[in-house]
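Because the structure is predicted, anything quoted here is derived from the model rather than measured.
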Amino acid sequence: KMKFLILIQALISTALAIRMQCRFEMREMNQLPFTYACSSEGLSNISESESLTAVNGTHLSGKSNRDVQFLFITSERGLTFFPRNIDNFFPNLIAIGFQYCNISSLNGDELNAFNNLTWLALSNQPFLERIPSNLFTNTPEMKTIFFFQNPIKHVGEGLLDSLGHLNYAHFGNNYCVNISA
């Protein structure tokens with residue numbers, strides 16, 4: 001009976017676990033110089049109740065998760081939300097990008113653990129319609145943001161007001177906003 005309960009507990013914890021496969025590399029993106037990155041296409045079929053519990057991949061020589069400054073997740077149609085616990089694996093992120101995923105909502109809490117974030121991209125998200133006004137509350141160092149080619153219909157009032165270091169914001173090809181600054 002005890003072995004059965006342990007097996008059930010293991011199955012439940014595995015079912016609520018997100019494992020991300022990383023290709024660790026030096027990567028460059030728009031407005032971001034070469035940076036040590038985890039590029040992932042290894043997330044799918046996950047629910048919002050799950051948290052990131054493991055990161056797999058082979059680091060470049062002499063590097064570890066602590067050296068990763070850029071997380072880039074692409075082509076994850078099953079990813080509808082911003083995964084939790086990323087900061088437990090990559091505590092020194094300065095850049096996060098999601099491209100061609102299905103992120104549908106943000107509530108403003110997603111970036112709370114990333115005080116040093118300077119670069120954010122949420123592009124080509126076919127269901128992202130709202131950006132809350134408090135999204136950047138805890139990221140005062142933000143310099144570059146991309147919300148390119150989303151169906152954004154509402155942007156919270158004063159979204160960019162607290163970003164004194166902002167150099168570039170790209171909101172092109174959205175319903176209600178279609179400009180670069």
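- Side chain of Thr80 to backbone of Ser104: no donor-acceptor contact under 3.5 angstrom is found.
- Here the side chains of Ile131 and Ile152 are in contact, with some heavy-atom distance below 4.5 Å.
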Atom pairs and distances, side-chain donor-acceptor, residues 112-126, under 3.5 Å, sequence neighbours left out:
| unit_1 | atom_1 | unit_2 | atom_2 | d |
| --- | --- | --- | --- | --- |
| Asn112 | OD1 | Asn138 | ND2 | 2.6 |
| Asn112 | ND2 | Asp109 | OD1 | 3.4 |
| Thr118 | OG1 | Ile94 | O | 3.3 |
| Trp119 | NE1 | Asn30 | O | 2.8 |
| Gln125 | OE1 | Ile103 | N | 3.0 |
| Gln125 | NE2 | Phe98 | O | 3.1 |
| Gln125 | NE2 | Ser123 | O | 3.0 |

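- Side-chain contact between Tyr100 and Leu79 is absent, with no heavy atoms from C-beta onward closer than 4.5 Å.
- Asn174 places none of its side-chain heavy atoms less than 4.5 Å from the side chain of Phe148.
- Separation of atoms CD (Glu25) and CZ (Phe34) is listed at 10.0 Å; rounding is to 0.5 Å.
- With hydrogens and angles disregarded, no donor-acceptor distance shorter than 3.5 Å links the side chain of Thr137 to the backbone of Leu135.
- Within the model, atoms OG1 of Thr35 and CZ of Phe72 stand 13.0 Å from one another, a figure rounded to the nearest 0.5 Å.
- Counting heavy atoms from C-beta on, the side chains of Leu60 and Met26 come closer than 4.5 Å.
- Checked by atom type, the side-chain pair Arg27/Ser39 shows a donor-acceptor distance below 3.5 Å.
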With side chain to side chain contact (heavy atoms under 4.5 Å, CB included) as the test, would you mind laying out the steps for Tyr36 and Phe70 before giving the verdict? CA-CA 6 Å; Tyr36 190 55; Phe70 180 23; over 6 Å; no
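- In terms of the disulfide (SG to SG under 2.5 Å) criterion, residue partners of Cys38 (sequence neighbours excluded) are, by chain and number, Cys22.
- Note that NZ of Lys153 and CG of Leu128 are 11.5 Å apart. Values are rounded to the nearest 0.5 Å.
- Side-chain contact between Gln99 and Phe146 is absent, with no heavy atoms from C-beta onward closer than 4.5 Å.
- At a threshold of 4.5 Å between non-hydrogen side-chain atoms, the residues Lys143 and Leu163 do not count as touching.
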Go through Asn65 and His59 one step at a time and tell me if the side chain to side chain donor-acceptor pair (under 3.5 Å) criterion holds. CA-CA 8 Å; Asn65 283 355; His59 283 284; 2.8 Å; yes
Given side chain to side chain contact (heavy atoms under 4.5 Å, CB included), test Asn85 with Thr53 step by step and report yes or no. CA-CA 8 Å; Asn85 292 343; Thr53 58; 5.8 Å; no
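- By the side-chain hydrogen bond (donor to acceptor under 3.5 Å, both in side chains) test, His154 is found to be paired with no residue, residues two or more places apart in sequence or in another chain being considered.
- Screening Arg66, Gln69, Met20 for a side-chain contact (heavy atoms from CB on, under 4.5 Å) with Phe90, the sole residue that qualifies is Met20.
- The shortest side-chain heavy-atom distance between Pro132 and Asn107 does not fall under the 4.5 Å cut-off.
- Going from atom CG of Asp87 over to atom CG of Leu71 covers 11.0 Å, rounded to the nearest 0.5 Å.
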Start with the C-alpha distance between Phe127 and Asn150, add both sets of side-chain angles, then the distance that settles side chain to side chain contact (heavy atoms under 4.5 Å, CB included), and finish with yes or no. CA-CA 7 Å; Phe127 304 108; Asn150 299 305; over 6 Å; no
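- Across every non-hydrogen atom of Ser51 and Arg84, the tightest pair is OG-NH2, 2.9 Å.
- How far CG of Leu166 is from OG1 of Thr144: 7.0 Å, rounded to the nearest 0.5 Å.
- Using a 4.5 Å heavy-atom threshold, the side chains of Asn92 and Val68 count as separate.
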Stepwise, does the side chain to side chain contact (heavy atoms under 4.5 Å, CB included) test hold for Cys101 with Ile73? CA-CA 8 Å; Cys101 298; Ile73 299 174; 4.0 Å; yes
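- If you take CE on Met142 and CG on Asn167, they are separated by 12.0 Å, rounding to the nearest 0.5 Å.
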